[in-house]
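What follows is a set of notes on a single structure, which appears directly below.
By convention in this document, chain letters (A, B, ...) are assigned in the order of the sequence lines, proteins followed by strands, and residues within each chain are numbered from 1. These numbers come from the heavy atoms of this one structure, side chains and all, not from hydrogens, waters or symmetry mates.
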Amino acid sequence: MQHFFLPVENVKLLDRYTNRKPANGTLYLTATHLIYVDASAEVRKETWILHHHIATVEKLPLTTSGCPLLIHCKNFRVAHFVIGHERDCHEVYTSLLKLSQPVKPEELYAFSYNPKMPKDNREIGWKLIDLKVDYQRMGIPNDFWEITDANKDYEVCNTYPPEIVVPKAANKATVLGSSKFRSRGRIPVLSYLYKENNAAICRCSQPLSGFSARCLEDEQMLQAIRQANPGSPFMYVVDTRPKLNAMANRAAGKGYENEDNYDNIRFKFIGIENIHVMRSSLQKLLEVCETKSPSMSDFLTGLENSGWLRHIKAVMDAGVFLAKAVKEEKASVLVHCSDGWDRTAQVCSLASLLLDPFYRTFKGLMVLIEKEWIAMGHKFSHRCGHLDGDLKEVSPVFTQFTECVWQLMQQFPCAFEFNERFLLEIHDHVYSCQFGNFLGTCHREREALKIFEKTHSLWPFLLQKKQEFRNPLYKGFTAYKELKPNTLPFSFQFWCGMYNRFDKGMHPKQCVLDHLLNCMSQKMKLEDNATDLENKLPFLDGPLPDEVCSLSKIVNASVESSKTPMLNTPQDYESEPPALLTNGAIVEEVDIMPDQDQKNKENFVNHHDLPDLHSTMEVIESDAKKEKLQYQ
Amino acid sequence: MEFAELIKTPRADNVVLHRPFYPAVEGTLCLTGHHLILSSRRQDNAEELWLLHSNIDSIEKRFVGSLGTIIIKCKDLRIIQLDIPGMEECLNIASSIEALSTLDSVTLMYPFFYRPMFEVVEDGWHSFLPEREFELLSSVTNEWRLSYVNKEFSVCPSYPPAVTVPKSIDDEALRRVATFRHGGRFPVLSYYHKKNGMVMMRSSQPLTGTNGRRCKEDSALINATLRAGKRGYIIDTRSLNVAQQARAKGGGFEQEVQYPQWRRIHKSVERYNILQESLIKLVEACNDQSHNMDRWLSKLEASNWLTHIKEILTAACLAAQCIDREGASVLVHGTEGTDSTLQITSLAQIILDPRCRTIRGFEALVEREWLQAGHPFQQRCAQSAYSNSKQKWESPVFFLFLDCVWQTLRQFPCSFEFNEHFLIVLFENAYASQFGTFLGNNESERCKLKLPQKTMSLWSWVNQPYELSKFKNPLFEANSLVIWPSVAPQSLQLWEGVFLRWNRSSKFLDEACEEMNNIIEYNKELQAKVNALRRQLAELETDDGMQESS
């Protein structure tokens with residue numbers, strides 16, 4: 001499929017928020033990207049949009065200046081082009097429709113993406129995350145839990161991975177029997193074991209209980225889970241659906257556990273809405289975000305009416321309930337929703353993140369996503385609409401999880417090894433189809449697609465960019481154990497960095513993160529510098545300047561440091577900006593959507609160099625210049 | 001009057017104190033003339049609570065049997081509860097607190113009794129005199145003069161004795177203009193933009209009335225600030241409708257015919273009790289923890305607080321844009337020119353003038369544009385969010401200004417020398433303080449009260465090196481540029497540091513600040529070390545060189 005088009009010239013790119021003169025330039029379509037090159041700017045500026053990121057393309061009514069083409073992206077970019085000739089516009093429109101909705105999996109970018117690396121590296125890349133290691137970390141196998149290959153031929157469940165963790169006490173008959181009683185055979189398996197007290201989080205799908213059906217093996221299965229935690233006389237069974245939904249399912253022969261049939265369970269509903277409610281909620285939220293110059297009231301009312309933060313809070317509340325049950329009540333929890341691959345994935349992964357600092361590291365978050373989302377069959381392909389298919393299957397389930405992590409980062413700024421950009425990068429790639437990880441719907445399908453032979457894994461690429469993604473405030477693995485977030489409504493913020501991510505004018509104009517990242521790289525250079533100099537000094541035993549002695553103090557003693565007067569001497573920073581690693585084709589670095597971005601970004605990386613800071617500020621100022629009396 | 005008359009029960013034992021973030025504690029409650037003190041009499045003899053009566057916004061009493069409970073709501077938005085055994089004691093204490101927290105006479109306020117425990121290095125009362133500010137101005141322009149026409153506060157009771165006016169306008173003309181402006185507040189200089197020589201002036205509304213009264217000295221005064229052939233902007237902080245209605249009461253606005261060189265823009269900013277109600281609603285929403293998400297968002301919206309923030313910031317940005325981008329001079333006024341006008345002129349300066357983003361510069365701004373400009377602090381800050389009596393004069397005008405500064409600080413985290421804590425301290429002191437700075441409604445009142453002689457200035461305390469260090473923003477890197485905040489709703493946030501301060505723990509956020517401090521301090525130390533080593537090396541090399549050559 002080669003879709004190289006002659007460039008379309010004389011294309012305007014409108015800025016949604018300001019009355020600034022639109023950019024004028026040329027549009028190119030390649031096999032993978034739409035590229036817009038702004039010719040009106042002094043410096044060549046490019047906007048790259050991956051075809052897979054395009055959610056919708058609309059042709060708007062003809063205007064005097066041309067034919068408008070509105071593109072909405074899955075990473076919440078909105079591009080509003082105006083193309084001079086209608087024929088060109090139509091051609092671009094039909095091509096983009098085709099390119100953005102591949103029909104066959106083989107057409108996905110991951111199968112053609114070639115970062116030109118040795119075959120071995122690719123294979124090693126896929127081995128970077130090994131779930132067995134994570135189970136070992138939890139102490140499994142142990143007296144109560146074992147890793148079994150009971151599902152190696154997908155005999156138990158075709159959307160589970162070949163290896164699953166089940167109670168030792170559950171024999172093959174129990175497993176198979178239980179699988180007959182669970183929707184799509186998704187039996188209770190271990191998600192996370194809290195080593196300190198043996199309480200476990202397990203996950204499954206709804207039981208096929210209808211109004212009265214029961215299943216001895218399933219009851220044995222739950223008993224085995226409960227008994228694997230001898231410290232607690234009971235276990236929770238949590239249905240994450242609203243009670244009404246669960247009840248309605250009984251009519252279809254599904255439903256929820258009857259407390260009378262299972263020994264010592266405490267059954268509880270946590271009302272998280274279904275994928276359809278979430279899809280329409282996001283739609284409403286995005287409409288609010290896109291409104292041109294809304295009043296404060298419009299915005300807050302729209303935010304409320306979208307229900308988005310209500311849903312985020314519901315997911316967070318559920319995660320907190322699980323973590324509390326495990327940590328404080330020392331009780332195991334079995335979680336399900338309907339199929340156990342959307343809400344269940346959200347809630348289980350969030351609880352793990354709250355309980356275990358490992359999942360708040362780079363590696364840990366990767367493991368968590370591989371384990372609870374990819375391996376356990378979250379249907380990324382359907383939920384993200386990778387292929388032309390049923391739009392009703394699309395839902396921002398993973399986006400919500402990403403946001404919950406972000407909300408936690410707001411409350412616990414020092415508890416995560418990574419920063420917001422790491423979350424956004426992962427979110428981008430869930431939709432980009434550039435890497436194999438998120439293709440298909442389950443392990444079996446990924447095997448059939450030969451993902452592991454034909455595509456690359458995302459994680460090594462992210463680790464390469466670790467410097468960019470690290471959180472300078474991270475206090476290390478041991479600083480916080482479990483997190484107990486505040487879940488009162490006022491603790492949840494609107495995530496401008498996600499839903500208005502490409503509207504840079506709305507973001508803080510100076511970036512604390514960049515500043516601190518720069519400090520970190522500065523620090524390494526200075527430390528090297530100091531060591532070099534010390535080695536050069538012939539008389540190391542002689543009296544050293546005071547500063548040397550005070551160094552060790554300052555790190556731990558913040559009280560001390562607050563008393564030391566500010567050193568306001570001009571600093572001779574000699575740093576170069578940290579090299580920007582590109583990962584091949586998603587060239588977000590040349591992102592220039594709101595047109596000064598690139599310049600801004602680079603300048604702020606360079607924050608310490610005063611001349612650059614000045615030019616940045618001039619950019620800020622010159623922005624204002626173009627927006628003639630925009631505040632009026 | 002003796003305070004003792006008001007204190008019927010000076011102390012009570014076995015009182016239980018409940019307050020945010022601390023476990024309940026039992027102790028002895030003492031009432032003094034200005035403080036409510038609860039001491040647990042623990043071994044460390046730590047004072048558990050030391051609350052200024054003037055910080056008390058309202059109190060409620062409840063009784064269960066003979067156990068009385070007093071709920072004290074403070075102007076800094078904190079709510080504490082005292083359980084007092086004995087109905088009579090409780091009633092006595094409640095009525096004493098009520099009386100002591102609503103003293104009529106300013107001279108009985110704590111600042112008149114407060115004796116500082118620190119050595120006054122610099123008397124804040126003299127730190128920001130108009131003469132000193134004028135000196136700064138004279139170094140860049142000679143088109144302005146300091147007029148003492150208001151020396152006796154006779155021309156304008158709410159202006160300071162010295163004001164800056166165009167050099168070409170004499171005092172006689174000023175007197176005439178004063179009769180044409182509400183409350184005598186004739187146009188005076190608020191800010192001079194060094195970059196292009198454009199200025200911002202402020203005044204009150206012109207008294208045109210229904211028959212279009214005019215005053216040629218008035219137009220001469222403001223025209224004196226225009227360059228030949230240039231137009232200026234008048235930013236009226238009322239809607240056109242409100243401005244027109246004002247004519248019926250003798251007020252009005254500048255008509256085009258009489259001010260052909262000026263373009264008038266109406267930029268409505270809410271005032272008085274509407275703002276006060278907004279504050280009451282917002283704080284109520286923040287304090288009610290039973291809300292679900294929808295209710296919270298709907299109450300946040302209904303409070304309109306953020307709407308006011310957006311309005312004020314937008315008007316300030318507009319004024320700044322006229323000056324910096326359009327290269328035009330600006331006159332700002334509303335009705336009296338003591339509230340919304342000052343919000344706009346002071347915020348515009350934060351945007352335009354890097355000096356206002358330093359600690360001293362900001363203090364000077366508050367002194368110049370709020371205290372000397374006659375913002376009636378005593379009236380506006382008499383009550384805070386828990387006031388139930390609907391008095392006319394209370395209004396969180398200054399509070400909104402501080403919130404707008406915080407919003408700007410959030411968007412430009414490296415451009416301010418001070419941190420959020422500094423703004424919070426100003427908020428607290430504006431409402432209740434041991435310092436005299438925010439007492440009185442204008443310079444004239446402050447003069448009569450002899451505040452500089454009898455009370456301590458807030459600045460004397462703030463500007464001590466140790467206190468200052470707590471207000472410094474580690475990210476600050478001076479830049480000389482104009483900063484344009486975004487006023488999109490997505491860019492404006494609830495000021496958590498104030499509104500959620502008592503409702504949620506800030507432990508983890510504080511830790512983040514501390515961590516940030518450490519990172520930056522460590523780098524500075526490293527840099528100093530490297531520099532010192534370099535120096536040392538260089539010295540050694542020259543020494544060596546000298547030895548070799550000798």
Side-chain angles (χ1 to χ4, degrees), chain A residues 294 296-297 299-301 303-304 309-310 313 411-414 472-473 475 486 488-491 494 496 500 505-506 508-510 512 515-516 519 522-523 526-527 529-530 533-534 536-538 545 547-548 550-551 554-555 558 561-563 565-567 571 613 617 620-621 624-625 629 631-632, chain B residues 265 286 289 291-294 296-298 300-301 306-307 310 314 317-318 321 325 410-415 465-466 469 472 475 479 481-482 484 486-491 500 504 508-509 511-512 514-530 532-534 536-537 540:
Chain A
M296 201 71 204
S297 268
F299 178 73
L300 288 174
T301 310
L303 186 61
E304 181 199 339
L309 286 177
R310 188 177 72 227
K313 175 170 153 55
Q411 286 198 37
F412 303 96
C414 308
L473 299 177
K475 283 177 104 169
N486 187 334
L488 287 170
F490 59 57
S491 309
F494 166 73
C496 187
N500 284 108
M506 289 180 184
K509 304 290 191 305
Q510 293 171 324
V512 176
H515 191 107
L516 293 178
C519 276
Q522 201 72 54
K523 180 181 141 191
L526 284 168
E527 278 170 346
N529 238 326
L533 286 164
E534 275 169 346
K536 273 187 204 160
L537 275 174
E547 289 90 334
V548 184
S550 66
L551 264 183
I554 205 97
V555 191
S558 62
S561 70
S562 71
K563 279 182 198 167
M566 287 269 287
L567 296 165
Q571 300 165 32
L613 177 62
M617 297 303 286
I620 296 170
E621 288 196 27
K625 199 180 290 178
L629 292 187
Y631 295 107
Q632 208 170 323
Chain B
I265 303 173
C286 293
Q289 312 218 329
H291 290 330
N292 61 26
M293 183 61 81
D294 288 1
W296 157 248
L297 287 173
S298 129
L300 179 63
E301 188 272 322
L306 288 170
T307 301
K310 182 166 153 64
T314 307
C317 288
L318 176 67
Q321 220 164 14
R325 297 285 156 222
R410 207 188 65 80
Q411 294 189 30
F412 294 89
C414 309
S415 295
Y466 175 65
S469 70
K472 284 197 171 162
L475 295 167
N479 73 66
L481 297 145
V482 178
W484 300 105
S486 159
V487 294
Q490 287 96 322
S491 309
L500 303 182
R504 55 121 177 83
F508 300 105
L509 302 180
E511 279 179 13
E514 197 186 303
E515 196 62 33
M516 193 164 79
N517 250 317
N518 288 348
I519 291 173
I520 293 167
E521 279 302 318
Y522 181 76
N523 265 26
K524 284 180 181 161
E525 295 282 338
L526 260 181
Q527 184 69 61
K529 175 185 173 182
V530 167
L533 286 169
R534 276 205 188 116
Q536 212 182 349
L537 194 64
L540 283 172

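- Here the straight-line distance linking atom NZ of A/Lys536 with atom CZ of B/Arg534 works out to 8.5 Å at 0.5 Å rounding.
- Using modelled atom types, one finds a donor on one side chain and an acceptor on the other under 3.5 Å when comparing B/Gln490 with A/Asn500.
- To the nearest 0.5 angstrom, A/Leu303 atom CG is 9.5 Å from B/Asp294 atom CG.
- The shortest heavy-atom contact between B/Ala488 and A/Met506 is CB-CG, 4.0 Å.
- Not counting sequence neighbours, the partners of B/Gln411 by the side-chain contact (heavy atoms from CB on, under 4.5 Å) test are A/Lys509, B/Pro485, B/Ser486, B/Ser491, B/Leu492.
- By number of non-hydrogen pairs under 4.5 angstrom with chain A, the leading residue of B/Pro413, B/Pro465, B/Ser298 is B/Pro413.
- Heavy-atom pairs under 4.5 Å with chain B peak, among A/Val512, A/Thr301, A/Leu533, at A/Leu533.
- Closest approach of A/Pro294 to B/Lys310, counting heavy atoms only: O-CE, 3.7 Å.
- B/Cys414 is listed as a side-chain neighbour of A/His515, based on a closest heavy-atom distance under 4.5 Å.
- Checked by atom type and distance alone, the side chain of B/Glu301 never pairs as donor or acceptor with a backbone atom of A/Leu300 at under 3.5 Å.
- Residue A/Glu527 touches chain B through both its backbone and its side chain, counting heavy-atom pairs closer than 4.5 Å.
- Both the backbone and the side chain of A/Lys523 come within contact range of chain B, judged by heavy atoms closer than 4.5 Å.
- Counting only distance, with no hydrogens or angles, the side chain of B/Glu515 and the backbone of A/Cys414 share no donor-acceptor pair below 3.5 Å.
- A distance of 3.0 Å separates CD of A/Gln510 from OG of B/Ser415, quoted to the nearest 0.5 Å.
- Heavy atoms closer than 4.5 Å to chain B are found in both the backbone and the side chain of A/Leu473.
- Here A/Cys519 contributes atom SG and B/Leu526 contributes atom CG; the two are 10.5 Å apart, rounded to the nearest 0.5 Å.
- Using a 4.5 Å heavy-atom threshold, the side chains of A/Glu534 and B/Lys529 count as touching.
- When heavy atoms are compared at a cutoff of 4.5 Å, B/Leu500 approaches chain A solely by way of its side chain, counted from C-beta outward.
- Residues forming a side-chain contact (heavy atoms from CB on, under 4.5 Å) with B/Thr307 (at least two apart in sequence, or on another chain): A/Met296, A/Ser297, B/Asn304, B/Glu311.
- Contact record, A/Leu526 with B/Val530: O-CG2, 3.6 Å, taken as the closest heavy-atom pair.
- Proximity to chain A is limited to the side chain of B/Ile519, based on heavy atoms less than 4.5 angstrom apart.
- Using a 4.5 Å heavy-atom threshold, the side chains of B/Asn292 and A/Pro489 count as separate.
- In this structure the side chain of A/Leu516 reaches within 4.5 angstrom of the side chain of B/Met516, judged on heavy atoms.
- Using a 4.0 Å cut-off between charged side-chain N and carboxylate O, A/Lys475 and B/Glu514 make no salt bridge.
- Proximity to chain B (any heavy atom under 4.5 Å) is shown, for A/Phe490, by both the backbone and the side chain.
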